[in-house]
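Take a look at the structure below.
What you see is a predicted model, and the numbers here were worked out from it, not measured in a lab. Counting starts at 1 for both ligands and their atoms, in listed order.
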Amino acid sequence: MNGGKNVDYKEWSDAIDKRVEQKRRNYKGSYCCLTMDAGLSKEGAILYYDKQYREYGVDLLERGGTLIDYCMFCGKKLPTSVRDEWFDILEHEYGLEEPLHEDKEKVPKEFWTDEWWKERGL
Ligand SMILES: [Zn+2]
């Protein structure tokens, strides 16, 4: 029967909501939103981001995985995959036809990170 306590709790929880809300709005990280950022960095997360191909997906473990086009938290359209470009550029600019197999050692190291598509402004 302590009404005061409830009010305090509500104020406290509103203050947290406000802080979280502000943190969300001020998010300036490299992903679409704070929730995605947190989802990706959480250990054992089912969400993944492959920077080499710029692909976002959900890892369903033994049932495989699926790529996602939109963020499931904020609804923003996610950047498109650059997987096709990865193979095209390696083939046409570097003459590597099997970059994942025979030619693997000849693949420039920026192609294993996000550097290659950032440099090209893709
Ligand atoms: Zn998002």
Side-chain angles (χ1 to χ4, degrees):
M1 289 296 133
N2 190 337
K5 226 178 200 163
N6 290 332
V7 171
D8 285 348
Y9 171 75
K10 191 166 182 327
E11 271 172 21
W12 174 74
S13 104
D14 282 354
I16 288 185
D17 283 351
K18 223 173 268 171
R19 265 211 307 265
V20 169
E21 192 48 46
Q22 205 160 38
K23 219 172 142 196
R24 282 213 176 106
R25 247 198 311 259
N26 294 337
Y27 175 71
K28 298 240 166 20
S30 38
Y31 301 106
C32 53
C33 62
L34 185 64
T35 315
M36 175 63 101
D37 195 324
L40 288 168
S41 50
K42 204 164 57 188
E43 209 174 318
I46 60 158
L47 281 172
Y48 68 85
Y49 170 59
D50 187 331
K51 58 185 176 180
Q52 174 190 339
Y53 297 135
R54 199 170 67 196
E55 288 178 344
Y56 290 81
V58 180
D59 187 358
L60 302 171
L61 304 172
E62 66 269 22
R63 280 189 287 171
T66 184
L67 293 181
I68 52 173
D69 293 328
Y70 291 88
C71 175
M72 60 181 78
F73 308 113
C74 70
K76 270 185 208 150
K77 175 120 177 58
L78 296 168
T80 49
S81 163
V82 289
R83 186 185 289 258
D84 290 345
E85 288 81 350
W86 193 86
F87 287 96
D88 278 357
I89 292 171
L90 287 173
E91 187 182 341
H92 297 122
E93 291 181 23
Y94 296 87
L96 307 179
E97 291 194 12
E98 295 287 340
L100 294 179
H101 304 284
E102 287 101 276
D103 298 325
K104 200 167 179 176
E105 282 173 19
K106 295 182 214 150
V107 174
K109 73 174 192 309
E110 71 263 24
F111 280 84
W112 302 113
T113 70
D114 50 10
E115 262 174 66
W116 73 272
W117 57 261
K118 284 186 175 166
E119 271 171 17
R120 287 171 173 78
L122 295 176

Legend entry - Under-4.0 Å salt bridge between K18 and D14: no

Inset, instruction - Please collect all salt bridge (Lys or Arg N to Asp or Glu O under 4.0 Å) contacts where either partner lies in residues 78-91, sequence neighbours excluded, each pair once. - result: E55-R83

Legend entry - All side-chain contact (heavy atoms from CB on, under 4.5 Å) counterparts of S41, not counting sequence neighbours: D37

Inset, instruction - Under the side-chain hydrogen bond (donor to acceptor under 3.5 Å, both in side chains) rule, collect the residues that match up with R120, sequence neighbours excluded. - result: E93

Legend entry - Protein N/O/S atoms closer than 2.8 Å to the Zn ion (ligand 1): C32 SG, C33 SG, C71 SG, C74 SG

Inset, instruction - Name the orientation class of the two ring planes belonging to Y53 and W86 (parallel below 30°, tilted from 30 to 60°, perpendicular beyond 60°). - result: perpendicular

Legend entry - Residue pair W116 / Q52: nearest heavy atoms and the distance that separates them: NE1-O, 2.9 Å

